[in-house]
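Counting begins at 1 with the first residue of the sequence.
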Amino acid sequence: MTTQSLHIASFLVHVRAAHCAAVAAWLADQPDCEVRAQDPAGKLVVVMESAGERPILERIDAVRCRTGVLDAALVYHQLLDPAIADEPQEAAS
């Protein structure tokens with residue numbers, strides 16, 4: 001049994017439209033972070049992988065401090081065993 005885990009999280013960022021591209025670019029430059037969807041009106045969907053919860057929460061706090069950001073909220077968090085993280089998962093019935 002492994003003692004390490006892989007945290008997968010997604011969060012939404014609501015940002016003023018004028019700052020959307022800059023915030024999305026900043027997020028895309030962050031390690032283990034990917035902007036999966038972007039609405040020019042000011043909504044971003046971000047996915048992040050981490051070895052722990054703290055980096056995810058710190059990233060959310062950091063994005064909240066960016067110019068033009070109105071809020072950021074965690075919407076999904078899953079803990080995986082890294083040894084099987086890339087294997088296909090069966091859909092829940």
Side-chain angles (χ1 to χ4, degrees):
M1 182 172 144
T2 182
T3 59
Q4 293 195 348
S5 56
L6 177 65
H7 293 255
I8 307 293
S10 67
F11 54 95
L12 296 177
V13 181
H14 188 195
V15 60
R16 295 187 191 283
H19 298 277
C20 193
V23 173
W26 179 81
L27 280 163
D29 286 342
Q30 301 307 301
D32 301 324
C33 201
E34 181 179 351
V35 177
R36 297 291 296 184
Q38 179 176 345
D39 177 351
K43 297 205 172 65
L44 305 170
V45 176
V46 182
V47 175
M48 185 175 169
E49 293 183 8
S50 175
E53 293 172 1
R54 183 172 304 275
I56 295 166
L57 297 174
E58 288 173 350
R59 180 68 40 79
I60 291 171
D61 286 343
V63 76
R64 283 183 176 138
C65 295
R66 303 296 299 181
T67 300
V69 172
L70 302 170
D71 199 9
L74 181 70
V75 294
Y76 177 80
H77 178 237
Q78 182 174 2
L79 188 60
L80 298 173
D81 177 349
I84 61 168
D86 290 331
E87 294 180 9
Q89 303 293 314
E90 292 185 30
S93 305

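Hydrophobic cluster membership is shared by L74 and V23, with clusters built from Ile, Leu, Val, Met, Phe, Trp and Tyr side chains linked at under 4.5 angstrom. Linking Ile, Leu, Val, Met, Phe, Trp and Tyr residues whenever their side-chain heavy atoms come within less than 4.5 Å leaves V45 and V35 in two separate clusters. Cluster membership for L57 and V46, using ILVMFWY side-chain heavy atoms within less than 4.5 angstrom, is not shared.
P40 approaches C20 most closely through the heavy-atom pair O-CB, 4.4 Å. Closest of all the heavy-atom pairs between A24 and Q38 is CB-OE1, 3.5 Å.
Contact of the W26 side chain with the V63 side chain is registered, since non-hydrogen atoms from C-beta on lie closer than 4.5 Å.
Note: L27 CG to R66 CZ = 8.0 Å, rounded to the nearest 0.5 Å. Here the CZ atom belonging to F11 is positioned 11.5 Å from the CG atom belonging to D71, to the nearest 0.5 angstrom. Rounding to the nearest 0.5 angstrom, the gap separating the CG atom in D39 from the CG atom in L12 is 11.5 Å. One finds the CD1 atom of I56 at 8.0 Å from the CD1 atom of I8 (value rounded to the nearest 0.5 Å). A distance of 12.5 Å separates OG of S10 from CG of L44, quoted to the nearest 0.5 Å.
By the 6.0 Å contact criterion, CZ on R64 is enclosed, its count of non-hydrogen atoms from other residues, nucleotides or ligands being greater than 12.
Each of Q78, H77, E49, R54 was checked for a side chain to side chain donor-acceptor pair (under 3.5 Å) with H7, and the lone residue meeting it is H77.
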Inset, instruction - Evaluate side chain to side chain contact (heavy atoms under 4.5 Å, CB included) for L79 paired with S5, printing each intermediate quantity in order. - result: CA-CA 6 Å; L79 188 60; S5 56; 3.2 Å; yes
